[in-house]
Each structure stands twice: as structure tokens, then as C-alpha cells.
Amino acid sequence: MAYNHKVIEHKWQHYWRVNETFKTVENQDKPKYYALDMFPYPSGQGLHVGHPEGYTATDIMSRMKRMQGYKVLHPMGWDAFGLPAEQYAMKTGHNPREFTAQNIKNFKRQIRSLGFSYDWSREVNTTDPAYYKWTQWIFEQLYKKGLAYEKETLVNWAPDLMGGTVVANEEVIDGKTERGGFPVYRKPMKQWILKITAYADRLIDDLDLVDWPDSIKEMQKNWIGRSIGASVLFNVEDMNEQIEVFTTRPDTLFGATYLVISPEHKLVDQITTPESKAAVEEYRSAVATKSDLERTDLNKDKTGVFTGSYAVNPVNGKKVPIWIGDYVLASYGTGAIMAVPAHDQRDYEFAKKFGIDIVPVIEGGDLSQEAYTGDGAHFNSDFLNGMDKQTAIDTMIQWLEEHQAGEKKVNYRLRDWIFSRQRYWGEPIPVIHWEDGETTLVPEDELPLKLPAAKDIRPSGTGESPLANLDDWVNVVDENGRKGRRETNTMPQWAGSSWYFLRYVDPKNSERIADEDLLKEWLPVDLYVGGAEHAVLHLLYARFWHKVLYDLGVVPTKEPFQKLVNQGMILGSNHEKMSKSKGNVVNPDDIVERYGADTLRLYEMFMGPLTESVAWSEDGLNGSRKWIDRVWRLMIDDNNHLRDRITTIDDGKLDRIYHQTVKKVTEDFENMRFNTAISQMMVFVNEAYKVDALPLVYMEGLVKMLSPIIPHVAEELWSLMDHDESITYETWPTYDESKLVEDTVQVILQVNGKVRSKITVDKDMEKDALEKVALSDSKIQQWLQDKDVRKVIVIPNKIVNIVVG
RNA sequence: GCCGCUGUGGCGGAAUUGGCAGACGCGCUGGACUCAAAAUCCAGUUCCUUCACGGGAGUGUGGGUUCGACCCCCACCGGCGGCACCA
């Protein structure tokens with residue numbers, strides 16, 4: 001009977017479910033393997049064909065590892081808080097909880113239809129109070145450690161997004177919200193902030209401990225942006241104030257001809273002279289009304305205004321003017337810089353525009369054109385004269401420290417993490433603000449602090465979240481009659497996803513985040529697969545929380561994810577990103593219906609390397625289906641029985657190719673090179689079609705190797721081979737090295753680097769003998785006529801190159 | 001602008017401690033089977049040239065190193081991703 005995907009897939013999915021085939025068993029005396037997918041946000045759109053690519057990869061690894069004797073943890077869950085549900089709820093008047101539950105149901109149905117070997121008994125859901133109890137608990141630990149604090153800061157205020165909300169720096173792209181593209185303005189507001197900067201060094205340095213793509217490590221390093229330099233103190237003339245600047249080039253201090261402080265700098269008012277006041281005020285208000293977009297758009301044209309005051313350069317006592325300019329950011333370093341126009345392009349542009357002195361202190365470049373930022377001998381620099389850059393930097397830092405005029409300093413581009421969101425559909429921050437000014441945590445034994453049910457979610461209009469409308473929930477009174485108000489901000493979506501992989505280890509634990517011994521048993525995650533769009537934020541936040549929990553003794557490892565792999569994107573057949581508007585979206589449900597889950601899995605693994613983006617091709621998909629049919633026909637006859645050709649007799653014809661295949665498939669799977677593993681199995685099947693006798697053990701081996709990729713087909717073939725049990729825990733095939741060696745090898749004969757002949761000789765033939773054979777080859781002889789042999793290069797078992805002239 | 005990745009037949013892609021470029025698949029061509037078609041099985045398929053044997057060119061472009069380069073080095077061009085006044 002021909003292969004019928006609908007019957008078979010339904011049958012085995014049912015079998016796995018009833019038999020709890022993939023239930024993780026703990027405390028077994030086996031090596032462990034934790035294979036993790038980035039859990040999805042269950043959107044209303046349903047699954048995308050991009051999802052199953054990564055899921056199939058981890059599923060293959062999980063299934064192979066089970067067969068290799070590992071205990072495997074392979075879970076799935078839902079990152080279910082998020083903006084779309086809230087937007088939908090506001091629009092329709094529904095509660096996001098119901099809407100989200102529906103979406104999860106649909107996602108789960110779709111994921112189940114693909115036959116992944118998840119242990120569904122461990123499913124987690126970030127919106128489940130039993131889950132977010134522990135998200136809130138982690139927040140409380142952060143608070144107790146001083147890593148969560150409230151601060152009035154300039155936030156990214158998006159008044160047009162959901163009735164007004166604040167978004168994180170990371171969610172702002174070109175001055176607009178990442179979601180929706182609404183304009184973002186800077187507005188001071190009281191926010192909860194997590195002190196991720198306290199972990200900046202460890203977040204960079206511990207990247208050395210993990211097996212991640214270099215590109216991702218690089219992105220994280222750049223995001224954190226550690227720069228080592230010095231702070232320098234400038235006294236303000238005629239005033240008992242100092243301006244501290246940060247510079248990575250203290251060696252150019254003799255070339256500092258002015259200072260620039262940001263418009264928001266705290267000393268602006270004090271140092272502005274009466275004559276300059278009007279101009280400064282005008283400039284500041286102009287800057288304040290600019291959106292971030294406008295501010296970055298003015299990139300090329302530097303603006304600024306002179307304060308009227310001067311500072312004293314500590315190293316040479318010279319007076320330098322103090323300017324205000326918005327090219328200096330309040331949020332980086334000290335919000336003030338020393339400007340060295342000769343050796344910094346930004347300062348150069350500013351100085352040119354405002355006619356400020358440009359004093360070179362390093363030889364090189366052409367100052368009539370641009371600043372010189374390279375290395376060179378210093379001059380005009382007193383005790384630094386003649387030194388190169390690094391020596392001068394070290395010497396200057398030493399001088400600054402000896403004269404209490406500055407010190408070595410490290411700065412980070414990374415800012416602290418703004419953790420508040422003015423939204424309903426998120427974890428409530430478990431904090432109460434009391435009327436006497438005290439702020440307390442909700443006691444641990446009262447967690448979870450549940451999100452109140454609300455029929456109608458409306459913006460508060462004040463910038464607060466919709467929770468501010470819910471008086472019953474917001475207002476509290478303690479046992480002494482003291483009145484208080486709950487924190488109305490909720491947590492960002494990043495919160496629940498920063499630790500979910502810990503909960504899978506022990507998802508039902510009501511006493512703690514997860515049992516300590518179980519965490520020791522399963523951590524770290526051995527393989528984490530997901531899209532590169534989470535290269536920075538999710539992975540950085542999760543690492544940060546993990547390190548905090550490590551310091552608290554909650555988790556046993558410094559890093560959460562040992563190996564990380566980013567799958568590429570699946571593009572539309574027109575090589576563009578799939579999107580509704582382009583009409584090139586492929587729905588996995590359709591593919592499963594028409595071709596079956598196994599075909600989809602096979603195709604997505606065969607279409608190219610996992611890490612690359614590849615365009616969808618209906619023909620390619622169809623080819624994968626045809627190959628499954630071909631494998632099926634190789635073994636199964638029209639009466640749905642094993643073919644007679646499958647026998648216990650081994651005529652030896654398939655020995656070599658079989659053992660080669662086992663070796664290559666095993667190694668390729670291990671390295672996640674699924675496309676080449678599949679191609680090797682295709683070669684084996686092609687060979688199998690050419691011989692009369694198919695040894696049963698080889699066919700069983702093939703089915704085992706296929707089972708991680710096309711598990712339903714493999715289970716069915718396995719049972720047709722007269723096995724009663726699932727193939728899941730069968731032993732992975734092994735190969736015999738001795739079957740791979742050949743007695744003879746083909747050697748390439750070249751003349752002047754061009755292939756002219758090929759010969760077959762005994763393996764490991766001596767160099768001299770091989771050279772003789774090569775020179776006497778008839779084809780080679782023709783090429784050597786009337787020529788002098790200058791040199792012969794002999795690489796045994798591979799090549800002989802004869803150089804003639 | 002800076003950083004990272006990438007460029008191989010008609011298409012997806014294989015092959016790198018430097019040693020037969022194009023595995024495998026798609027598509028296409030031919031053959032077998034069939035009344036016929038589909039499906040299937042078998043064979044061929046980088047380009048140019050040749051009746052054929054053969055020969056020549058060829059891994060984005062131009063140089064270089066080497067007996068030998070898709071692979072290493074230099075310069076440039078195109079594509080993708082990240083960052084973007086971070087001092």
C-alpha cells in the first residue's frame with residue numbers, strides 16, 4: 001500500500017500521547033541532554049513555517065540523544081504576555097486572558113500536528129499565576145539586592161501607542177516604536193529600573209564560557225560597549241565647581257580646547273553667565289521638544305551654544321570655554337566631554353562650525369580635511385612628547401591620579417534596563433507605595449500578586465497603566481489603617497522569558513522556583529535554538545537574571561545556555577521575507593494536510609544549512625515527499641508487507657556504503673548539518689535500489705537514522721518490521737571502522753596542476769613507487785613528450801603533480 | 001560611516017589543516033513501462049568547442065602567494081544582519 005501520511009501521522013501521534021512516550025524521566029543514571037526551543041508568543045496568526053525549522057532541529061537532536069542513551073529534557077511553553085493581546089482586548093472589549101487561551105490552544109494543536117517529541121506535562125505559560133508568582137519572586141530578590149530601583153528618568157514616551165505608553169530603548173528604532181512605528185518623545189517619568197550595568201563586565205567576560213556563534217557574542221559585546229579610558233576633572237573658573245568628563249583618549253588632553261556638556265547637565269544653570277542666559281535657554285527648549293528621531297537626524301549638523309563660562313585644563317592650566325551641545329548625551333559617561341577637535345571627528349566638526357581653536361598633539365593626518373584619530377608621536381604635550389598613543393594614555397592616567405585630577409575609568413554603552421510598562425497585560429510589579437512615603441514589597445507568602453480580572457481595559461490617560469482605573473485593586477490599607485496604592489506598572493514581556501527554561505525543570509513546584517537538585521541535574525541548557533532577532537535583548541536579559549540567581553545560590557551554573565544556534569529565516573518563494581502584504585506566506589497547516597508533517601520536517605532540514613536563510617520552494621517540498629515515497633517503496637510492497645528483498649542474507653554489496661552512511665549521518669546530526677546527513681541517506685537509498693538483497697539490519701539502521709527527521713514514517717516502518725515497541729528508545733546504529741577502509745585508492749595525476757589522468761593503486765603506496773607509476777601512465781606520457789620534468793610532487797593516496805617546462 | 005556574515009550550474013545547495021569543483025535534491029532531456037497519460041524505474045545534464053576522441057574556460061571582480069587556490073593574502077563590487085554623535 002502506498003504511504004498515507006494522514007493515517008500514519010494520526011496513528012503515531014495518538015500512540016505517543018497515550019503511552020507518554022516522551023515523558024522525561026528524572027534521576028536516571030544516564031547522561032542528560034537539555035534541548036530547548038525559544039518558546040513562542042502565541043499570536044492570533046498561528047504558526048509560521050519558520051517556527052518548525054528550529055523546532056525540528058532540536059527535535060532531531062532530542063530523538064537521536066534518546067537513542068544514544070541520554071535522558072532528554074525537551075519542553076515547550078508559551079510566552080503569552082504581550083502587546084497584541086492587549087491591543088485586541090482594548091479594541092473588542094474582551095479580556096486578553098481568553099483571547100490568549102484560544103491562541104495557545106491553536107498553537108498547541110499546530111505544534112502537536114508536527115510530531116515533536118515534547119514532554120507536554122512540563123508546559124509552562126508566563127501568564128499563569130502559578131508561573132508568574134516566581135517571576136514576581138525574582139523581582140523581589142532583585143529589589144532586595146538593590147538591583148531594582150525607582151527613578152525619575154527620561155523615558156521613551158509613545159503617546160500614540162495604546163493610549164500612551166513607555167517603551168524600552170531597545171524597542172525604539174530610528175526614533176519610532178518598533179511595534180507600530182509611532183513617534184517617541186523623551187519625557188521624565190518615575191520608572192522601575194533594573195541595574196543590569198552592575199553585571200556588565202561579567203556579561204562580557206563570561207561569553208568566553210559558552211559555545212555560541214561569534215557573531216552573537218560580538219553583538220552582545222558591542223551592545224554592552226565596554227570602553228576603557230579616564231575621567232578628568234576640570235575646575236570651573238571663578239566657581240567652586242568641577243566638571244567631570246569621560247574620555248578614552250586622555251593622551252590628547254593637551255589638545256583639549258573646549259568642553260561640551262549635554263543640555264540636561266546639572267551644572268548648566270550655574271555656569272551659564274547672565275549674558276548667555278537667553279541663548280542657552282532658547283537652545284535647551286529647542287532641544288527638549290525634539291524627538292529622538294529629530295535629534296539623530298541632525299547627526300551631521302552639530303548644534304550648540306556657549307555658556308559664557310570657562311574651565312581650567314588641569315594639565316596645563318589653560319582656560320577653555322564651556323559649551324552646551326546635544327551631540328553630547330546626558331545618559332552616557334558623565335554627560336560632559338573634553339573636546340579635542342584635532343583628534344576627534346565630532347569635535348572637529350563642532351570646532352570648525354563655531355570657530356574654536358584646533359590644536360594638534362599627535363603627528364599624522366591632514367587637519368585641513370579631518371581630525372586625525374590614528375596613532376603617532378605626541379607633541380605640544382610636555383611630558384608626553386614623543387610617546388606613542390598607548391604609552392601616552394598610560395602616562396597621562398598616572399599623572400591624573402598623582403595630581404587628583406582624574407583616574408582610570410570604565411564606561412559602558414549599556415544602560416540600566418527600564419522595567420516598567422504602562423500596560424494591563426503583564427506581570428504586576430509586587431510593590432505598594434504607602435501614604436507616608438514608604439515603599440514595600442508584597443510579602444513573599446502573598447505572591448502571586450494576581451492580575452485583577454477586568455471587563456473593560458481602558459487607557460488611564462495619565463500615562464499610568466489601565467490598572468490605575470481599578471480602584472478596588474489599586475487601593476490597599478494595612479493592619480494599622482495606613483493607606484497605600486499598588487504599583488500600577490507591569491513588567492515587560494522580557495521578564496517571563498528571562499527564566500522559563502528553569503521552570504521546565506520542575507514546573508509544578510509551589511515551594512520554590514524549581515527544586516535545587518533538579519536544577520543541578522539539568523542545567524545548563526545543552527542546546528538552545530531560536531531566531532537571531534533575540535541575539536541581544538532576550539539573551540542578555542536571561543543571562544543577567546541567571547547570574548543574579550547564581551549569586552543567590554538558586555542556580556548552579558554561571559551561564560544558562562551552553563550552546564546556542566540561530567536558525568536562518570525561511571523566505572517566501574520570491575526570496576523576500578514572508579508577509580501578508582506580499583502574499584508569500586506559507587501556512588504549515590496546509591502543508592501538513594497535503595504532504596504530511598514528515599515531509600515538512602524533511603524539507604525544512606534538507607533545504608539548506610539550518611543557520612542560513614533559504615527561500616521556500618513548492619518543488620523542493622514536493623521532492624521531499626517523493627523521497628519519502630521512495631524510501632517507503634524500497635521496503636514495503638503493495639500489500640503493505642515488508643518486501644521479500646529484505647532478508648537476513650548479507651551479500652556484502654551494501655556493507656561499505658551502509659557503514660559510511662552511519663558514520664556520516666551520526667557526525668552530521670551531531671554538528672546539526674542536517675542537509676548533508678539527509679543527502680547521505682539519499683545516496684544510500686539510491687544504492688539500495690541497485691542491489692537484490694537488502695539486509696534487514698541495514699534497513700533497520702536506516703529507519704533508525706530517519707526516525708529523528710521523519711518520526712511517523714519511521715515508527716510505521718519499524719512496526720512493519722515486526723517490532724511491538726516505539727522506535728524512540730531503540731539503540732542508535734553504530735558503524736564498523738574496518739568496513740570503511742579500502743585496499744585501493746584512486747590517485748589524481750596532474751601535469752602543471754591540471755588533471756590529466758586518474759589511476760587506481762594499492763592504498764598507502766610508497767612515494768617513489770607512486771611517482772614511477774604516474775610517470776609511466778600512458779596519458780601522462782603524452783603530456784610529457786618534448787618536455788623536461790622539473791619537479792614531481794607526490795601526496796600518497798591523493799595526487800601526483802608533475803611540473804614540466 | 002563602523003562592525004559582523006555572505007557571493008559556487010537554470011534553481012536550493014555540496015566540497016576548505018590548500019589536492020578530482022558542482023555530492024544530494026529540484027528542474028530539464030532521453031529511454032523503459034503504458035492504448036495513452038500520470039506515477040515509477042534507469043540514464044544524461046556547468047559553459048564553450050568537437051560528428052566523436054579530445055581540448056579550452058570556470059566558484060562576484062582585479063591582483064598576489066603556491067607545484068597546486070572556492071579555500072590563504074591585498075584591493076574593489078554586490079547582498080544580508082547589527083550598531084549608529086557612546087567621547
Side-chain angles (χ1 to χ4, degrees), chain A residues 2 174 213-223 225-227 229-230 245-249 252 260 262 295-296 298-302 325-329 331-340 343-347 349-350 411-415 532-533 535-536 566 568-569 571 573 575 577 602-603 606-609 611-624 626-627 629-630 633 673 675-686 689-690 746-758 779 782 790-795 797-804:
Chain A
D174 290 336
D214 288 339
S215 60
I216 304 293
K217 288 188 181 184
E218 204 54 38
M219 272 194 242
Q220 293 219 339
K221 281 180 193 166
N222 291 341
W223 189 266
R226 177 161 62 190
S227 60
V245 305
F246 174 72
T247 178
T248 54
R249 296 295 303 277
T252 61
V260 187
S262 69
R295 228 166 136 158
T296 49
L298 297 174
N299 212 326
K300 282 156 210 143
D301 189 24
K302 301 269 180 301
D326 73 349
Y327 81 97
V328 171
L329 308 174
S331 51
Y332 183 75
T334 58
I337 62 155
M338 63 179 218
V340 185
H343 304 294
D344 182 286
Q345 187 58 27
R346 297 155 300 188
D347 298 342
E349 286 162 15
F350 191 85
N411 248 311
Y412 304 92
R413 203 195 75 112
L414 181 73
R415 317 278 165 78
E533 67 272 20
V536 179
N566 286 126
M569 250 192 308
L571 305 170
S573 50
H575 289 77
K577 208 169 161 173
L602 176 68
Y603 173 59
F606 184 60
M607 65 197 297
T611 52
E612 302 296 318
S613 293
V614 188
W616 184 263
S617 154
E618 200 72 18
D619 281 340
L621 178 73
N622 190 45
S624 292
K626 284 195 331 198
W627 189 67
D629 287 330
R630 183 169 159 87
R633 274 193 310 273
R673 292 189 299 248
N675 54 330
T676 51
I678 292 165
S679 122
Q680 179 65 35
M681 287 191 273
M682 287 174 169
V683 171
F684 177 72
V685 169
N686 289 347
Y689 261 89
K690 291 175 188 162
Q746 195 181 50
V747 172
I748 305 306
L749 304 185
Q750 297 182 326
V751 176
N752 285 348
K754 300 204 171 181
V755 180
R756 296 302 179 190
S757 184
K758 297 171 188 179
K779 280 186 197 148
Q782 289 169 29
R790 296 257 168 94
K791 196 173 175 184
V792 181
I793 290 108
V794 182
I795 311 291
N797 296 332
K798 279 192 174 163
I799 205 160
V800 178
N801 188 10
I802 300 157
V803 185
V804 299

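The chains referred to below are lettered A, B, ... by the order of the sequence lines, with proteins before strands, and numbering in each begins at 1. Values below: every heavy atom of this structure, side chains too, minus hydrogens, waters and symmetry copies.
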Expected rows: protein N/O vs nucleotides 1-9 of chain B N/O, under 3.5 Å:
none

[N] phosphate, OP1 or OP2: any side-chain N/O from [X] under 4.0 angstrom?
| X | N | result |
| --- | --- | --- |
| A/K577 | B/G81 | no |
| A/N686 | B/C41 | no |
| A/S227 | B/A87 | yes |
| A/R633 | B/A39 | no |
| A/R630 | B/C41 | yes |
| A/Y689 | B/C41 | yes |

Original post:
Does A/K221 NZ have over 12 foreign heavy atoms under 6.0 Å away?
Top reply: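 Enclosed.
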
Anything under 3.5 Å between a protein N or O and an N or O of nucleotides 18-20 of chain B, put it in a table, one pair a line.
from	atom 1	to	atom 2	distance (Å)
B/G19	N2	A/Q750	OE1	3.4
B/C20	O2	A/K758	NZ	2.7
B/C20	N3	A/Q746	OE1	3.3
B/C20	N4	A/Q746	OE1	3.1

Counting any heavy atom closer than 4.0 Å, what does [X] reach on the DNA or RNA strands: base, sugar-phosphate only, or nothing?
| X | answer |
| --- | --- |
| A/S617 | nothing |
| A/G623 | sugar-phosphate |
| A/S331 | nothing |
| A/R756 | sugar-phosphate |

Original post:
Can you check B/G9 for me, syn or anti if syn means within 90° of 0?
Top reply: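 This nucleotide is in syn.
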
Original post:
A/D619 or A/K626: which one's nearest nucleotide on RNA chain B is closer to the 5' end?
Top reply: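 Nearest-nucleotide comparison on RNA chain B picks A/D619.
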
**OP:** Assess A/R633 against A/Y689: is NZ or CZ under 6.0 Å from the centre of the six-membered ring, and within 45 degrees of the ring's axis?
**Re:** no

Original post:
In what stems does RNA chain B take part, counting only runs of at least 3 consecutive Watson-Crick or G-U pairs whose two distances fall under 3.5 Å?
Top reply: B:1-7 with B:77-83, B:10-12 with B:24-26, B:27-32 with B:40-45, B:46-49 with B:54-57, B:60-64 with B:72-76

